[in-house]
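In what follows, every chain begins at residue 1, and chains take the letters A, B, ... in the order their sequences are listed.
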Number of protein chains: 2
Amino acid sequence: MEDFVVPVMQQNTLSSQVIRFLLGLISEKRLKVGDVVPSEVKVSEMLQVSRGIVRESYRALATVGVLSVQSGKRPRIREMDPTVLAQFFAYAAATSQINAQQIFELRRVIEMQAAVLATKNGTDEDLMRIREAGKRLHDYPISHPEWIACDYALHIAIADAVHNPLFQIIIRALRAPLEESMREGIESQVSIHTEIHIVALHDQIVEAICNRDAVAASKAIEEHFNAPVSALLKKGIININ
Amino acid sequence: MEDFVVPVMQQNTLSSQVIRFLLGLISEKRLKVGDVVPSEVKVSEMLQVSRGIVRESYRALATVGVLSVQSGKRPRIREMDPTVLAQFFAYAAATSQINAQQIFELRRVIEMQAAVLATKNGTDEDLMRIREAGKRLHDYPISHPEWIACDYALHIAIADAVHNPLFQIIIRALRAPLEESMREGIESQVSIHTEIHIVALHDQIVEAICNRDAVAASKAIEEHFNAPVSALLKKGIININ
DNA sequence: CCGATGAAACATGTTTGACAGGTGGCCATG
DNA sequence: CATGGCCACCTGTCAAACATGTTTCATCGG
């Protein structure tokens, strides 16, 4: 009704407007990770809204991983965090909006490309880390819980070698929601033959990347996704929804 | 110092615990999109915490896109929304955690795979929509603002033909943060030669997908990303950070 | 002069109570 | 049976207050 006193705040809920204000502030002032943002009361006075509303906004931004708010400390800009993306996917899966196979479909192509880019962008240290992670896979049988962790470490090492934060984030995020169902599936139903195949495939992946052979790396990762994992998928062992 | 009085509520903030409670509720009760969740006061009484805390949690979940809360209405489970992902990427870009080229690197591979999967999973209607979207690209010059919209529509049509919500969501989300910088870039610096090339490439994409030729589709999309766009990228015209 | 100590200032965490306004269903009246 | 109004319930917002954790800085003792 009135537009003469408060010029900015009008259409949506106050919280949403405060959130937009803060995001705008971050963009405008070119704030980086670790920088502080104004305190709740400051913003509350600045925008002439109650502290409760501002609190809601801060907590919302903290939930999406933008801000880090802790008691006593000044709120700071937080680093991009794969867990919020992972929660997003996990939630989508929990509400049956996506299923495990669809996640695999996306993961396959992203990890294939990650392997390719790792052959191009990876430093020698990156490749060494990948090789070490690959070696550690021989230390445990597939049924061992530790093996899953080593497998995870290998794929993460590949993702890091890409030197593109998006790949690191998304690969971590897409892996998390499948972790437990994978553990169960692999623990229960893997035959000796499949186990040997899986280990051999991982060796191929490591070797291809370390030789900076993009084509072979891509192919190896593709097979890694196609052969054993999708077999489990089709058996219905890996099931997330 | 003391650990004898409060047994349950201790480590995290109450808000976080309420959020976890709600997410757990959604998972446990197998709630789907559109279902209602308990009201703020109900949860507040249920968990014996103040309504303000519960409100913060509800708003946080609304910001993440999980819940839809409106005055008077009961809070409901919301459909997965690409805008929250887009905001995530936009925020990462705004805080210089990622740059435009890294987004393109991810987009290229995802959209390539989308084209491949579209040839496999797309229905005849899907392909018809893709063809129509492709035709409309000839109606405007590249410099026209409407052309960008048609280009967007084409890529979205391809994403939809995959029949995997993750592809729809991520392609939409990755495109949004680049939209404006692309608009400027294309408007200002595209030569006639490049323009013809771009349009021809789009025709190739449409034709390949409609012929269900996965290899050609993938190749066409790859070139679409490699040739004109990366040229703009290298010139520094498209710049997001 | 320097460093440690303590308190004040400031930050978030949480509660209570209150009121306004929107939404939807129930019920009585026509 | 239809329709209006009414009421119960919901979110949106504010204000004041207290608890607790962190930072800062001045003061005091060496």
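Along DNA chain C, read 5' to 3', the first and last nucleotides having any atom under 4.0 Å from a heavy atom of chain A are C:dA11 to C:dT14.
Between B:Lys32 and B:Asp35 no salt bridge is recorded (no basic side-chain N to carboxylate O distance below 4.0 Å). At a threshold of 4.0 Å, the pair B:Asp139-B:Arg136 does not count as salt-bridged, since none of the basic side-chain nitrogens sits closer than that to a carboxylate oxygen. A salt bridge links B:Asp160 with B:Arg172: at least one charged nitrogen is closer than 4.0 Å to a carboxylate oxygen. Using a 4.0 Å cut-off between charged side-chain N and carboxylate O, B:Arg175 and B:Glu111 make a salt bridge.
For the atom pair CD1 of B:Ile98 and CD1 of B:Ile103, the computed distance is 4.0 Å after rounding to the nearest 0.5 Å.
A residue-by-residue look at B:Arg74 and A:Gln70 shows that B:Arg74 has its nearest nucleotide of DNA chain D further toward the 5' end. Along DNA chain D, the nucleotide closest to A:Lys73 and the one closest to B:Gly72 are compared, and the more 5′ of them pairs with B:Gly72.
Remark: A:Arg51, A:Arg55, A:Arg59 in residues 51-64 of chain A come within less than 4.0 Å of DNA chain C through at least one heavy atom.
Residues A:Val69 and B:Thr13 are not in side-chain contact: their nearest non-hydrogen atoms beyond the backbone lie 4.5 Å or more apart. Considering only heavy atoms from C-beta on, B:Pro165 comes within 4.5 Å of B:Met80 through its side chain. Side-chain contact between A:Gln102 and B:Asn164: present, with at least one pair of heavy atoms (C-beta onward) separated by less than 4.5 Å.
Put simply, CD on B:Glu40 is 11 Å from P on D:dT13, counting in whole angstrom units. One atom, CZ of B:Arg76, and another, C1' of D:dT11, lie 14 Å apart when rounded to the nearest Å.
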